[in-house]
Number of protein chains: 2
Amino acid sequence: MSAAATTARDIAMKGGGYYSKATGGAKDVIDGATTMVLDAIADMEIADNGAIFTMSDMGCADGGTSMAMVGKALAAIRAKAPSRPLQMVYTDLPRNDFSQVFCNVHGLSDAKSYIDDFENLFVMASGTSFHKRIFPAGTLNLGFSATASHYISDRPCNITNHVHMVGAEGAERAAYTEQGRKDWESMLSNRAADMASGARLCLFNFGIDEEGRYLGHTGGVSMFDTFSLLWQRLVDEGAVTNEEFAATNFPQHYRTVAEFKAPLIDEANPVHQAGLRLSHAETRVVRCPYAAAFEEHRDAGRFAHEYIPTLRSWSESTFFSGLSEERPVEERQNIVDRFYDSYETMVRESPEGHAMDYVHCYMVIRKV
Amino acid sequence: MSAAATTARDIAMKGGGYYSKATGGAKDVIDGATTMVLDAIADMEIADNGAIFTMSDMGCADGGTSMAMVGKALAAIRAKAPSRPLQMVYTDLPRNDFSQVFCNVHGLSDAKSYIDDFENLFVMASGTSFHKRIFPAGTLNLGFSATASHYISDRPCNITNHVHMVGAEGAERAAYTEQGRKDWESMLSNRAADMASGARLCLFNFGIDEEGRYLGHTGGVSMFDTFSLLWQRLVDEGAVTNEEFAATNFPQHYRTVAEFKAPLIDEANPVHQAGLRLSHAETRVVRCPYAAAFEEHRDAGRFAHEYIPTLRSWSESTFFSGLSEERPVEERQNIVDRFYDSYETMVRESPEGHAMDYVHCYMVIRKV
């Protein structure tokens, strides 16, 4: 359901913090918005009453991308309320590599951890979906989630002419929007029940900004259109069937800012009625680190070689699972290899404009 | 540090609940003593006050062996105090396969889980060693741990004439006993701080009973003596060096009943001073399921074929890591294969008396 979980599952076998290394840009997104988390903490009333203070990273993957932010956030909370035990809970879907989370946090990997910076800190994990209740009622004090809520819990239909809802039209587009709406309200409603009065949520999610930009679609070559184009080319070449093309759909919905805000400002919405209020919302574009590096080194071969693996790390499972299960696994893998090879060739031969720029909607939400 | 962690790490790659399947006997131990846990719950005052009730399985491995017991325990707690949210926390070392824990609990494996039997239940995991604090002070209500505390946090010395402390003598034996004493007090002291007043610990651990029996040493062929004999035979045959034999030591201490009880009944001991008291202690022998099956089927080849893998699942890492790192990995693996082949041959040719009977000391401890 979360990007994190799906990605971690796909590449868990590579181990050793591979996810964090392959997602430097995702860490940039969190690092760049850490002040938003610290401002939210500064804005909270945190009584120095000795009660447990629970923070959570929901959709944490291996915990690497948020590690620096979490350390700073815990320090800020501790400074405001030194008597309170800190409980840091990492959540993701059950198949996530939670051992890697604990190895990273407990200093058994090359990730730099905050674990030795705090006394009276207790690190836990939960394998419960954020579409369910994760915490006992009223016990979550600070919830964080980055780049996870665009995954939808169910694909409502195939997308005929594209591989992602950003290219879908008409009833198909509407079906994804509706699934995205339901999942967003479900996630927020469950958090409203988890949260203490006065608690905050800091949610940094993929979305569509006020100028229509979204991940990999910021004015240059559109990444999802390229995915669709090259997958269609395999259909034209007879390697992939029309049925397989139709069955290849990212299980994602990129929400507009209005969609993100709706349940928090509509007074009739169950999320609003449960006490969640919007404190802050903004969009940002964070530059693709591989495209930024290319602007310096100007080596198209190197760019293509470094850029495609980061796309592949989170997209491969979608293309693989679009292929018929009647094909032997090795045949499916060969088709997917050919697909990413064609993308790498395209970037090497014509590198300008390719970029997986991140477009996020950053929200801070409070519970009254 | 825990048997669970070590075993789970060793065989994590086999996945799919392999640990639980390979350890039917360990499940028998827990199932057979579930009434002891239920009696402890019956004996507790559990105010129906809506506060979170936290239960934990410490050294949980994949959670499979305790699943049925945990479901019954949670039901008993819920019946006594229906208003209290239940928090079930699985702990083990960071490298444990926590994804398998969550898959088992959340019904994504063939393990039968209690997850759908309870509302207001929250399942968490912790990768914190039980030689450290795991829970905020005074928040653990019912701690459980089975077949984990015999692992010691550090090997104090090599054992010259044997591979396990049960065969050690003199100063070597004393060094293991001392390490076992320190670790037992450390584990109990940390739990004393974790526990609420009136909380209980149910600890079922490998030990040496009043008749001198211990795991695989209950009157027939002694398992650890056989390990030592066959490993020495590889020295005699030139396959293993004397230095490697000396470096092959299980990082374990099997405590006597007196050693288990000491910190709880000695009023000067920090554990006693922290408020832990012994409510109940007994020893039991649980029959090796493979030897029991052999008594029925009388097929020595089948017995040997089924019996050796269960020994190997938790002992292999000790023999492998005793071998010099100057040997290529494949060479070390070949020596270990030859070792277990020799054990299987011995059992096939002379099956009588071989049995990995479990000998546990069962303790219920309360915090005043």
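Each chain gets a letter, A, B and so on, in the order its sequence line appears, and its residues count up from 1.
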- Note on the structure: Assert top hit (heavy-atom pairs under 4.5 Å, partner chain B, pool A:Ala137, A:Pro136, A:Pro85) equals A:Pro136
- Item | Max heavy-atom pair count under 4.5 Å with chain A, selected residue of B:Cys103, B:Pro94, B:Ser126 | B:Pro94
- How many angstroms lie between atom CD1 of A:Ile52 and atom OG1 of B:Thr139, to the nearest 0.5 angstrom? 5.0 Å
- Contact origin within B:Val89 toward chain A - heavy atom pairs under 4.5 Å: side chain
- Heavy-atom distance under 4.5 Å to chain B: side chain of A:Leu108, backbone, both or neither? both
- Message: With chain A as the partner, which of B:Thr128, B:Leu121, B:Leu86 has the greatest number of non-hydrogen pairs under 4.5 Å?
- Response: B:Thr128
- Message: Is B:Thr91 close to chain A through its backbone or its side chain, or both, or neither, when contacts mean heavy atoms under 4.5 Å?
- Response: neither
Identify all side-chain donor-acceptor contacts of residues 187-199 of chain B below 3.5 Å with residues at least two apart in sequence or on another chain.
{"unit_1": "B:Ser189", "atom_1": "OG", "unit_2": "B:Glu185", "atom_2": "O", "d": "2.8"}
{"unit_1": "B:Asn190", "atom_1": "OD1", "unit_2": "B:Arg133", "atom_2": "N", "d": "3.3"}
{"unit_1": "B:Asn190", "atom_1": "ND2", "unit_2": "B:His131", "atom_2": "O", "d": "3.1"}
{"unit_1": "B:Asn190", "atom_1": "ND2", "unit_2": "B:Ser186", "atom_2": "O", "d": "2.9"}
{"unit_1": "B:Arg191", "atom_1": "NE", "unit_2": "B:Asp194", "atom_2": "OD2", "d": "2.9"}
{"unit_1": "B:Arg191", "atom_1": "NH1", "unit_2": "B:Phe130", "atom_2": "O", "d": "2.8"}
{"unit_1": "B:Arg191", "atom_1": "NH1", "unit_2": "B:Met187", "atom_2": "O", "d": "3.4"}
{"unit_1": "B:Arg191", "atom_1": "NH2", "unit_2": "B:Lys132", "atom_2": "O", "d": "2.8"}
{"unit_1": "B:Arg191", "atom_1": "NH2", "unit_2": "B:Asp194", "atom_2": "OD2", "d": "2.9"}
{"unit_1": "B:Asp194", "atom_1": "OD1", "unit_2": "B:Arg133", "atom_2": "NE", "d": "2.7"}
{"unit_1": "B:Asp194", "atom_1": "OD1", "unit_2": "B:Phe135", "atom_2": "N", "d": "3.3"}
{"unit_1": "B:Asp194", "atom_1": "OD2", "unit_2": "B:Ile134", "atom_2": "N", "d": "3.4"}

- What do you reckon, is NZ of B:Lys80 surrounded by more than 12 foreign heavy atoms closer than 6.0 Å? yes
